[in-house]
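Every number for a ligand or one of its atoms is a count from 1 in the order of the listing. The figures here come from the full heavy-atom set of this structure, side chains too, leaving out hydrogens, waters and symmetry mates.
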Amino acid sequence: MSENQHEIRLTVNGTDHDVAVPARRLLSDALRHDLGFTGTHVGCEHGVCGACTVLVDGQPMRSCLMFAVSAAGHDITTVEGLARPDGELGPVQQAFRECHGLQCGFCTPGFLTTITAGIAENPEPTEDEARDMIAGNLCRCTGYQNIVKAVCRAAELARDDRAPEGGAA
Ligand code: FES
Ligand code: FES
């Protein structure tokens, strides 16, 4: 291996992947090109659009601003990891489908990961809080209204998931 390559282990969606990367390989490029997680989209490559957002230890991070070597040893979740274990859509995905929260879909993986973290932190967002939650993600198509609706619906679905069977006492 060349001196400039670093052997690292990236844990993506619960599975470990050993990969050799140059020190300055971006996490977005490692995910897409080295590991095949092409659901992580790259738009601006400058930390502006949010399309490349993934979760690192549950926190939304712009993977175009992070080196892959910095992500070693942390839990990374990409859009491919948001479905339920049985393959059904997760709450945020389901809400986007119900609320028509996407058109071309380019921005969507970044919204889905951002909102997943957002509703974990704030399980009952108001509409204003939903807008704040997605303020760092850009969408050219939708006008955002349906995405805001999807945030509130996703929070509702996630709350239902957490509710004990048989409903609240
Ligand atoms: S591609 Fe990373 S923020 Fe735009
Ligand atoms: S759905 Fe097209 S950029 Fe958001």
Find all atoms of ligand 1 within a distance of less than 4.0 Å from any non-hydrogen atom belonging to Val48, and give their numbers and elements. 3 (S)
With a cut-off of 4.0 Å, which atoms of ligand 2 are near a heavy atom of Gly105? 1 (S), 2 (Fe)
Which protein heavy atom lies closest to atom 3 (S) of ligand 2, and at what distance to 0.1 Å? Arg140 N, 3.3 Å
Side chain Gln93, main chain Gly90, donor-acceptor under 3.5 Å: yes
Taking Thr114 for the side chain and Gly110 for the main chain, is one N or O donor matched with an acceptor at less than 3.5 Å? yes
Within 4.0 Å of some non-hydrogen atom of Cys107, the atoms of ligand 2 are 1 (S), 3 (S), 4 (Fe)
Using atom 2 (Fe) of ligand 2 as the apex, give the angle to atoms SG (Cys104) and SG (Cys141), rounded to 10 degrees. 100°
Counting from 1 in the order shown, the ligand 1 atoms closer than 4.0 Å to a non-hydrogen atom of Cys64 are 1 (S), 2 (Fe), 3 (S)
For Thr53, is there any backbone N or O sitting under 3.5 Å from a side-chain donor or acceptor partner on Arg62? no
Apply the side-chain contact (heavy atoms from CB on, under 4.5 Å) test between Asp29 and each candidate in Leu27, Leu26, Leu31; give the one that qualifies. Leu26
Here the atoms of ligand 1 under 4.0 Å from any heavy atom belonging to Glu45 are 1 (S), 4 (Fe)
Which residue and non-hydrogen atom of the protein lie closest to atom 1 (S) of ligand 2, and at what distance in Å? Gln103 N, 3.3 Å
Under a 4.0 angstrom heavy-atom cut-off, which atoms of ligand 1 come close to Cys44? 1 (S), 3 (S), 4 (Fe)
Ligand-side contact atoms (ligand 1) for residue partner Cys49, heavy atom cut-off under 4.0 Å: 1 (S), 3 (S), 4 (Fe)
I need the contact type for Leu65 against ligand 1. Using non-hydrogen atoms and a strict under-4.0 Å cut-off, is it side chain, backbone, both or neither? neither
Nearest-0.5 Å distance, CD1 of residue Ile147 to SG of residue Cys152: 12.5 Å
Within a distance under 4.0 Å of any heavy atom of Gly47, pick out the atoms of ligand 1 and give their elements. 3 (S)
Taking the six-membered ring for Trp, are the ring centroids of Phe37 and His17 within less than 6.0 Å of each other? yes
With a cut-off of 4.0 Å, which atoms of ligand 2 are near a heavy atom of Cys139? 1 (S), 3 (S), 4 (Fe)
Under the side chain to side chain contact (heavy atoms under 4.5 Å, CB included) criterion, do Thr11 and His74 qualify, and how do the steps go? CA-CA 7 Å; Thr11 305; His74 297 275; over 6 Å; no
Check this for me: Arg84, atom CZ, are more than 12 non-hydrogen atoms of other residues, nucleotides or ligands nearer than 6.0 Å? yes
Glu129 atom CD, over 12 foreign heavy atoms within 6.0 Å: yes
Within the 4.0 Å heavy-atom shell around Gly43, which atoms of ligand 1 are there? 1 (S)
Give the numbers and elements of all ligand 1 atoms closer than 4.0 Å to a heavy atom of Cys52. 1 (S), 2 (Fe), 3 (S)
Is the backbone N or O of Phe96 less than 3.5 Å from a side-chain atom of Arg153, with the two atoms forming a donor-acceptor pair by type? no
